[in-house]
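Take a look at the structure below.
Naming convention: chains lettered A, B, ... in sequence-line order (proteins, then strands); numbering from 1 in each chain. Below, each value reflects all heavy atoms present in this structure, side chains not excepted, and no hydrogens, waters or symmetry copies.
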Number of protein chains: 2
Amino acid sequence: MAVTIKDVAREAEVSVATVSRALNGRVNVAPEVRSHVQAVAARLRYIPHSAARSLITRRTQTIGALLPDMHGEFFSELIRGIDRAARAKGYHLLLSSSHGDADETATALQAMLGRVDGLLIMSPYADPGFIEEHLPETLPSILLNPVHGHTRLPALAVDNRKGAYVMTRHLVNCGHRDIAFIAGPKGNLDAEERLQGHLDALHELLPGASEQVVAGDFSEESGYRAGSQIARLQRLPHALFAANDSMAIGCLFALNEAGLRVPADIALAGFDDIPTARFTQPPLTTVRVRIADLGGRALDRLVAAVAAKESGHRLPPHRIQMLDPELVLRSSCGMHEHRSAGTDAHEPVRTTRKRVRNGSDTRMRSTPVKPKTR
Amino acid sequence: MAVTIKDVAREAEVSVATVSRALNGRVNVAPEVRSHVQAVAARLRYIPHSAARSLITRRTQTIGALLPDMHGEFFSELIRGIDRAARAKGYHLLLSSSHGDADETATALQAMLGRVDGLLIMSPYADPGFIEEHLPETLPSILLNPVHGHTRLPALAVDNRKGAYVMTRHLVNCGHRDIAFIAGPKGNLDAEERLQGHLDALHELLPGASEQVVAGDFSEESGYRAGSQIARLQRLPHALFAANDSMAIGCLFALNEAGLRVPADIALAGFDDIPTARFTQPPLTTVRVRIADLGGRALDRLVAAVAAKESGHRLPPHRIQMLDPELVLRSSCGMHEHRSAGTDAHEPVRTTRKRVRNGSDTRMRSTPVKPKTR
DNA sequence: GGACCGACTGTAAACGTTTGCAGGCGGCTT
DNA sequence: AAGCCGCCTGCAAACGTTTACAGTCGGTCC
């Protein structure tokens, strides 16, 4: 049916071996033969059968991405980063997302196993036991956003703790002394790390301050509930730090409804910098995660691992690489009313600022910008 | 290296043929033999080599998705729809997105060719010439959001025209007589269809009304510019209809800056229902596109085409299938001030309303809700 | 002029599966 | 008791590539 290498060989009056060599850019094929073969292949619209090739070469030129059920900008940015990097390296991307539970994730993983050279895994269920159970030792894999205890796999993660720490420090620097935290779901690692970062900063910078943690689950509704609850308190906190932007936005609704003005009556900050954060009233101060970068770097590292395996080299030691998030200062934190952001300038890590398109953002990076590798 | 079917056969003391039949659920294998083989395969952690299988079966169980450079919710929803449907049908998803120009798209397409059973194409460059040039006749494919003249391929598209028509009709029903339109980029099909739908409604419902079309390019900035320009007019239109939400939001900023109140001074509507639309002040009336549905249906149809091809059936005639968008009524259109939404009830198509979570949305569907197939 | 060498090309094996075909074996029918 | 039939199993070919190895051919060196 389809045209194979044999058809090309017959038509070009050479052997299949020569066709293969000519088309794959091997040396040892006469230039005129090569161009002739290429011409014939193009004329016949020859498409190599990648399965046959994979069978003999034992590589698929495909990496798999196993992702959780995600929405919006976070998902699209992550994919963009992975996809771009994959194409740059000549790999295809096999995607499996939207897994609701551990079983689904396991099934999806199993289904990918024969078909990929490496695996990028981002999953709340990918704990060491799960990995041990379902992932062959020999398949190069990278974990994204894990820190699920320790696994044998290398990992890349956003430094949630540092991000939350820096935000809380910023709030303190703005003059807020009484800071409440709206937490994410119990058992969610991101949520717990953010809480921890907040508490660390609190204890360190405001010794003796009481911990005020309100429950939430990352949903807008839970933010709304937390906001209403807080608005009813006798003694209002100075500032609210929500573990993600969605909750911050829900909270903002509740505060508005209660007649409280942000940031005049109470300051507010979020985490993630979802696009909507720029458009709330007032615009939301938050923590930005460079998501596309996260995906791209993960892929680059995975490809390196695949290459290392094939050339028989020992893989470099499994490291967990942390990506620093950056503070995005808008007006909801009240910094312009209490103290200028300059207060943060005494922090030990170097900071950079730049004006961006919107005009109302001020970004601060907590570490020097690294030059892009490659 | 890896464990193959032969290893399983040797270990289970049967032939490879029996292993194959046992594992693939063929009939004609004794129950006890089957379970024994399964046990051995599991113990050995046997993973079938999918390339070898593809080679002989001539199917990859993979469909490719060729997508343009997209951001945010639209992208993630589309992928979600496709991914879910693919998994339900037992197909893998090979993704290639973020293509900036026709050459890049062609390269990505070529790279997919040997590896997929079918192709889902959404690309501004996928015109009939491009298709003819790069896509083999024999590969089942479906176009998403095209209507690029006519191609030999079946297609699924959002009915931009109808959506814009219905929105303009709604604005007219709200009492607005003087409606300006902020257009999308020239040459963009979505943009042109939306403009056309608006103009159709205008001419039909307000005969003799003058066309007021302001240029834009779908970016927030262009919406802002359009808004400033309109705010400076001697005679303000009653309503503004932006060809997408981003421009509507930019425009809203400009109107606010100019001291105009929405909807009291001027009504505003958008298109797409991006998440941010719920959070603007006032919340934005817009047109919702059920994107995940679009992706899911496209995949279902593609799989049907693949199956048809394999069973040798003639494919059903290539149809373009239109998906109706739905009106999302919030307060920016001023409907509650001029006329109640009930005015729309005389429209010929059936409408349904429901309260949604947010409490401030009223959705109207312009056609009856179809039961989910399967 | 013969041996050797280098550049190129062809032959054939191998990759891991699926599946058509044939054969074995037990039980049932006549 | 012989034949038949149906269930189950094994043998071996085939899928389309890549690549080790062998071979051809013309030229160069002694």
Worksheet, complete the sentence: Between CZ of B/R10 and P of C/dG16 the distance, given in whole Å, is 12 Å

Worksheet item: Does B/E133 have any salt bridge (charged side-chain N to carboxylate O under 4.0 Å, His left out) partners at least two apart in sequence or in another chain, and if so, which?
Response: none

Fill in: Helical bend (five base pairs per end, nearest 10°) for the helix from C/dG1-D/dC30 to C/dT30-D/dA1
50°

Worksheet item: Who are the side-chain hydrogen bond (donor to acceptor under 3.5 Å, both in side chains) partners of A/S15, not counting sequence neighbours?
Response: A/T18

Worksheet item: Does B/D83 have any salt bridge (charged side-chain N to carboxylate O under 4.0 Å, His left out) partners at least two apart in sequence or in another chain, and if so, which?
Response: B/R87

Item to complete: Check side-chain contact (heavy atoms from CB on, under 4.5 Å) between B/S20 and all other residues, then give those that pass, not counting sequence neighbours.
Response: B/I5, B/N24

What does the list of N/O pairs under 3.5 Å between the protein and nucleotides 17-23 of chain C look like, with a distance for each?
unit_1 : atom_1 : unit_2 : atom_2 : d
C/dT17 : OP1    : B/Y46  : OH     : 2.8
C/dT17 : OP1    : B/H49  : N      : 3.2
C/dT17 : OP2    : B/I5   : N      : 2.5
C/dT17 : O5'    : B/Y46  : OH     : 3.1
C/dT18 : OP1    : B/N24  : ND2    : 3.0
C/dT18 : OP1    : B/R53  : NE     : 3.0
C/dT18 : OP1    : B/R53  : NH2    : 3.4
C/dT18 : OP2    : B/S20  : OG     : 2.5
C/dT18 : OP2    : B/N24  : ND2    : 3.3
C/dT19 : OP2    : B/R26  : NH2    : 2.8

Worksheet item: Rounded to the Å, how far apart are A/E13 CD and C/dT9 C1'?
Response: 14 Å

Worksheet item: Taking only residues two or more places apart in sequence or in another chain, which ones pass salt bridge (charged side-chain N to carboxylate O under 4.0 Å, His left out) with B/R59?
Response: B/E310

Contact list (N/O, under 3.5 angstrom) for nucleotides 6-8 of chain D vs protein:
none

Worksheet item: Just how far, in rounded Å, is C1' of D/dG16 from CZ of B/R115?
Response: 14 Å

Practice prompt. Of all the heavy-atom pairs spanning B/R45 and B/V3, show the shortest one and how long it is.
Written response: O-CG1, 3.9 Å

Worksheet entry | side-chain contact (heavy atoms from CB on, under 4.5 Å) involving B/A30 - partner list, sequence neighbours excluded | B/E32, B/V33

Worksheet item: What residues, two or more places apart in sequence or in another chain, satisfy salt bridge (charged side-chain N to carboxylate O under 4.0 Å, His left out) together with A/D190?
Response: none

Response to the item:
The complete set of salt bridge (Lys or Arg N to Asp or Glu O under 4.0 Å) pairs with one or both residues in residues 10-31 of chain B, sequence neighbours excluded, reads B/D7-B/R10, B/E11-B/R43

Practice prompt. Please list, chain by chain and in numerical order, all residues satisfying side-chain hydrogen bond (donor to acceptor under 3.5 Å, both in side chains) with A/R53, sequence neighbours excluded.
Written response: none

